[in-house]
Structures are given as C-alpha cells and as structure tokens.
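Remember, predicted model here, so these are calculated numbers, not experimental data. One-based numbering, in listed order, for ligands and for the atoms of each. We count residues from 1, following the sequence as given.
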Amino acid sequence: MMDFGRKLGFFDRVLEDAHTAFAPGKLLLFGEHAVVYGEPAVGLSLTKGVQLRLSPGSGQLKLSPALPAEVGKAAKSPGELLEAALGELNTRVDTEIHFGLPVMAGFGSSAALAVAALLAKNAFLQEAAMPWAELFDAALAIERRAHGQTTGVDVGIVSSGVLVGFLPGPARPHIWPIPLKRPIALVVGSLGQHGGTQAVVGRVAALKAQAPEMTQAALRTLGETSKRGEAALRSGDLADLQAAIQLAHGVLLGLGLVGPALQAVIDAAKAEGALAAKISGAGGDGGAFYALTEDLNQANALAKMLSTRPGVVAWAELLPAHD
Ligand code: PMV
C-alpha cells in the first residue's frame, strides 16, 4: 500500500491556506463497470475539482455554482456529505464549496467533496496530516452515503492525485501509479448528468442475470482494455491506446450505457479528428466522456468546438510524461 499523499506531495498541493482544501475530480480512462466484477480500472485525477473553505461560524453552507434541481433529486446533498465528513465540527463552522467541474456526470465530485472536506477539517483542527490509507477509508465511508456500495474507484483515484491503476480488493483496493512515456493530450467533457451510478450498475447486474456468460465476456473485455490501455500509456504506443479506447467505448455502447445524445458528441469528436473517444464513468444517459488527440493544440481546438454544442462542457487536459 503506497502512501500517495506523502510520496507525491499531494497534501502540499491541496492545502492552499489553513482552512481551504482542494481535491481533484477524476476521469476513468478504462474499466468502469468491469471494476465492479473484479477487473482492473485506469484513471487520472483532473486539474479541475472541488474547493472547500471552512471558517468559524454556525453551520451555514454556501455552494457555487448552485446545483441543478435534478441532481438534488438523484444524489445525496452536499450538506449531508459534509455533515458526515465534519461531524460535530459542522455546527461550529461555515462552509463554502466551489464545484469546479460538472456534478453527477462521472467526474467523482462526491469523492472529491469527501476528500476536500476531510483535508480541510484536518487543517482546521490543526491535526497531523492523515496517512493515505486513513484518508481513503474515511472518504470511502462518506462517499458510500452518496453512491451506496461502490468499489471505491472514485475515492482511490481522487485521493491518489495522479494517473493510477486500480484493482478492487477484499479489504482495501490495490492502487498503483502508472508512469507515462509520452505526453497525452485529451479533451475531457460532459453532456448533462449520467443515469445515477447505483441505477446504472443495477442495469448491468440485470443484464448479467439475464445473460451471464455473454455479459461476463463483455466485462472481461473491458478489463482487457484496462490492461492494454495501461501498457500503451507505459510504452507511449498511441495506436494501441487508440484501439483500447475504441473497443472499450464499443463494449459500453453495446451494454446499453451510452445515451443517444452523448453518442452524438462522441461521433462529433471523431468526425473532427479525435483519434478515439469514449464515455467515462457510470454512463447510462449523458455524463462524462473523453477524446484522445495528437497534441494539446488539437485538444484545445476540439474542446472549443465541442463546447459550442448545447449542454456540452469540455476542456483540454495535458498529462505530462513522467517516470
Ligand atoms: O462515479 P461514477 O459514476 O463515474 O462510477 C464509478 C464507476 C463504476 O464502475 C460505474 C461504479 C463503481 O463503483 O466502480
């Protein structure tokens, strides 16, 4: 088990002042849904995330931007998650939460909120920095209030702060950093909200009950795309990465997890020259997607083009090469 926070300087980066914490959102490159059935996943923490500030007060909560009404119906409120993270401290502080990325889209905003709240609490109470495993366990317990039973993949990626592989385990998952041979330029975006993680995971479970071998084969293929995708990231083989992304999207589409409006965005990204494009996260309706591009210039141009489509939020992310 790695102590990501210490090793990678994550805590130094997130604590901007004594009472403010930032935790990144996450992007699953590979392995969503398959990870529920024991297959590996690959994901990265984003430059955008959740910022949370505590000040002495009386339990007031300010959210910016305000959450869309449909999110309130489908997910636990940020207030409930915050209460779970802060405990009795919640009544002695006022909290400002800024969501720097779309919520309920598959970017792990609940996990980021949980991690940011725990880090801010830790700083506010001037406690010693939490070891990574403690932060992971506490954030996972909070996130399970939002998502019910999850594999912990969101919390694992968000709390690692880097590009990682993830394999669910009986106690804690196995999480490992993935070195990157060459820079990777992506467009990251979303169209509205996904279908609700619990509900969509339930749809896959229903299909597996109806057609066990076929569904299991599809989930195993998704696991293979995680392995092949990780190898391609390590070796810098863009053609292999492209093939893994395309196959993963095709399988998720075949499992009925890609809504038609989101598929139109994926098609547009490909038509505009993306090397590959795929949904990310639970899917099931709208939600998160990403596109692989040749370089940052192409990613910026494509993000700008996709952002002109109604309801689409898109931006470029550059993953620098690293050991
Ligand atoms: O947080 P989401 O909605 O992107 O989904 C996480 C990935 C799933 O595999 C669909 C669920 C899980 O618990 O692993």
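Of all the heavy atoms in Glu134 and Met130, the pair that sits closest is OE2-CG, 3.4 Å.
By the 4.0 Å N-to-carboxylate-O rule, Lys181 lies too far from Asp237 to be salt-bridged with it. Using a cutoff of 4.0 Å between basic side-chain nitrogens and carboxylate oxygens, Arg220 and Glu224 are not scored as salt-bridged.
How far OG of Ser58 is from CG of Asn90: 10.5 Å, rounded to the nearest 0.5 Å.
Listed by chain and residue number, nothing satisfies the side-chain hydrogen bond (donor to acceptor under 3.5 Å, both in side chains) test with Arg203 (two or more places apart in sequence, or in another chain).
Using a 4.5 Å cut-off on side-chain heavy atoms (C-beta onward), Leu186 and Leu27 make contact.
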Find all protein N or O atoms under 3.5 angstrom from an N or O atom of ligand 1 and list the pairs with distances, or write 'none'.
unit_1, atom_1, unit_2, atom_2, d
ligand 1, 1 (O), Lys26, NZ, 3.4
ligand 1, 1 (O), Asp154, OD1, 3.3
ligand 1, 1 (O), Asp154, OD2, 2.6
ligand 1, 3 (O), His194, NE2, 3.0
ligand 1, 3 (O), Thr197, OG1, 2.7
ligand 1, 4 (O), Lys26, NZ, 2.9
ligand 1, 4 (O), Ala282, N, 3.4
ligand 1, 9 (O), His33, N, 2.9
ligand 1, 13 (O), Thr151, N, 3.1
ligand 1, 13 (O), Thr151, OG1, 3.3
ligand 1, 14 (O), Thr151, OG1, 2.6

